[in-house]
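Reviewing the structure listed below.
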Amino acid sequence: MTQLAQATVTVDLAKITANARTVCDALPGIEIIGVTKVTCGSPQVARAMLAGGVAGIGESRLENIARLRVAGIDAPFWLLRAPTPALAEETVRLADLSLVSAHVTAEALDEAARRLNTRHRILVMVDVGDLREGLLPDELAGFLERVAALAHIDIAGIGTSLTCYGAVVPSQENLGELVELAEGARSHIAAQRDGRSGGERFIVSGGMSSSLELALLGRMPAGVDNLRVGESILLGLSTVTRRPIPGLHTGAIVLDAPVIECGRKPSTPRGEIAQDAFGRRPVFEDRGERWRAICAIGRQDVVPRGIRPVDPGIEVLGASSDHLVLDIEDATSRPAIGEPIRFSPDYSATLRLFTSPYVKVDYVGA
Ligand SMILES: *Cc1c(COP(=O)(O)O)cnc(C)c1O
């Protein structure tokens with residue numbers, strides 16, 4: 001195999017497009033917003049998702065939306081993390097819609113939109129149990145009433161996030177509650193606006209990748225007409241079970257890390273054991289002398305427990321900030337120095353790989 005200068009992530013854009021297409025086609029009546037935040041707003045990934053039929057791009061950081069716009073991506077952009085009031089003006093300039101759950105933020109967006117002589121759409125977030133962002137259900141009506149009075153804000157709909165903080169699984173119960181709240185909100189707003197925003201669709205955004213299974217099983221409560229999906233399109237996994245979703249590619253993102261040392265060493269350290277580089281006291285199993293390899297990548301670039309060697313005979317033993325230590329005793333071949341070892345990253349590893357400035361990203365299949 002060829003030599004590799006540095007740790008490299010390879011993104012197969014054709015697989016991402018195919019995954020987006022499969023998700024969109026499987027869910028008629030549900031609009032999909034493709035979420036690129038784990039890739040730090042990669043224009044190539046955004047384009048691949050749009051080619052697969054997603055209706056817009058979701059991002060949690062304005063810097064990423066700015067990058068995507070500069071790259072010429074022409075799509076509706078959703079800001080998925082509520083902006084701070086100080087970023088209201090940038091939000092109105094960059095995002096077509098933002099997710100909001102605090103009244104002062106809505107006010108700041110209204111004021112910014114007034115200054116810029118435009119309007120801004122918000123999706124009001126409701127917490128149906130996961131305890132990340134969102135108003136509690138009984139706070140929603142009062143919130144909508146106050147926001148409806150803001151002259152430059154349009155309430156585009158309501159949404160929720162699940163399986164983020166509280167790991168709560170989307171269900172017919174909690175998403176049914178969202179739909180009920182939306183029905184109440186829709187008539188409330190129509191009455192208040194006296195038909196001014198009449199006819200426009202009132203979005204009911206029923207979550208993220210974790211809501212896909214319910215939808216794919218045909219059990220999504222009627223009325224949910226939008227999902228914001230990142231991980232399942234990129235990794236092909238269910239975020240409830242972390243198992244592959246049938247019909248989706250799981251290998252769209254792979255990591256290759258070059259070997260910088262390879263040899264036989266004892267499996268237990270020699271000398272008094274204190275703490276490793278991260279303050280933990282490591283435990284070792286004595287398996288005698290074993291073949292080991294070190295790859296040029298570390299915790300600064302990746303979550304060691306979040307990468308699975310593609311060769312099942314290789315095991316990740318641990319990592320410091322810049323060295324990844326592997327047991328390769330049962331590997332199918334002994335790598336030469338400079339040759340890469342391939343890994344499949346999970347979401348947390350993918351997040352760090354794209355965030356590390358030391359990891360190269362290659363795109364194939366465009
Ligand atoms: C990250 C995020 C998403 C996408 O989540 P996935 O699990 O990657 O599908 C959707 N909505 C919000 C508000 C988010 O923060």
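Each ligand, and each atom within it, is numbered from 1 in the order the structure gives.
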Quiz item: Does NZ or CZ of Arg334 lie under 6.0 Å from the centre of the six-membered ring of Trp291, at an angle within 45° of the ring axis?
Solution: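 So Arg334 does make the cation-pi contact.
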Tabulating one pair per line, provide the atom names and distances (0.1 Å) for every N/O atom of ligand 1 that is less than 3.5 Å from a protein N/O atom.
| unit_1 | atom_1 | unit_2 | atom_2 | d |
| --- | --- | --- | --- | --- |
| ligand 1 | 8 (O) | Glu231 | N | 2.8 |
| ligand 1 | 9 (O) | Ser209 | N | 3.0 |
| ligand 1 | 9 (O) | Ser209 | OG | 2.5 |
| ligand 1 | 9 (O) | Gly230 | N | 2.8 |
| ligand 1 | 11 (N) | Arg228 | NE | 2.9 |
| ligand 1 | 11 (N) | Arg228 | NH2 | 3.3 |
| ligand 1 | 15 (O) | Lys37 | NZ | 2.7 |
| ligand 1 | 15 (O) | Arg132 | NH2 | 2.9 |

Quiz item: Can you name the nearest heavy-atom pair linking Pro170 to Thr163, along with the distance?
Solution: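 Of all heavy-atom pairs spanning Pro170 and Thr163, the closest is CD-OG1, 3.5 Å.
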Quiz item: For the residue pair Arg219 and Gln172, what are the closest heavy atoms and their distance?
Solution: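 Arg219 and Gln172 have their closest heavy atoms at O-NE2, 3.0 Å.
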Self-check item: Asp74 CG: over 12 foreign heavy atoms closer than 6.0 Å
Solution: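 No, because the 6.0 Å sphere around CG of Asp74 holds 12 heavy atoms or fewer from other groups.
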Listed pairs under 3.5 Å, donor-acceptor, residues 303-314 side chains, sequence neighbours left out:
| unit_1 | atom_1 | unit_2 | atom_2 | d |
| --- | --- | --- | --- | --- |
| Asp311 | OD1 | Gly313 | N | 2.7 |
| Asp311 | OD2 | Thr332 | N | 2.9 |
| Asp311 | OD2 | Thr332 | OG1 | 2.9 |

Exercise. Please check if Val45 and Leu237 belong to a single hydrophobic cluster, counting links between Ile, Leu, Val, Met, Phe, Trp and Tyr side chain heavy atoms closer than 4.5 Å.
Key: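 Yes, Val45 and Leu237 fall within the same hydrophobic cluster.
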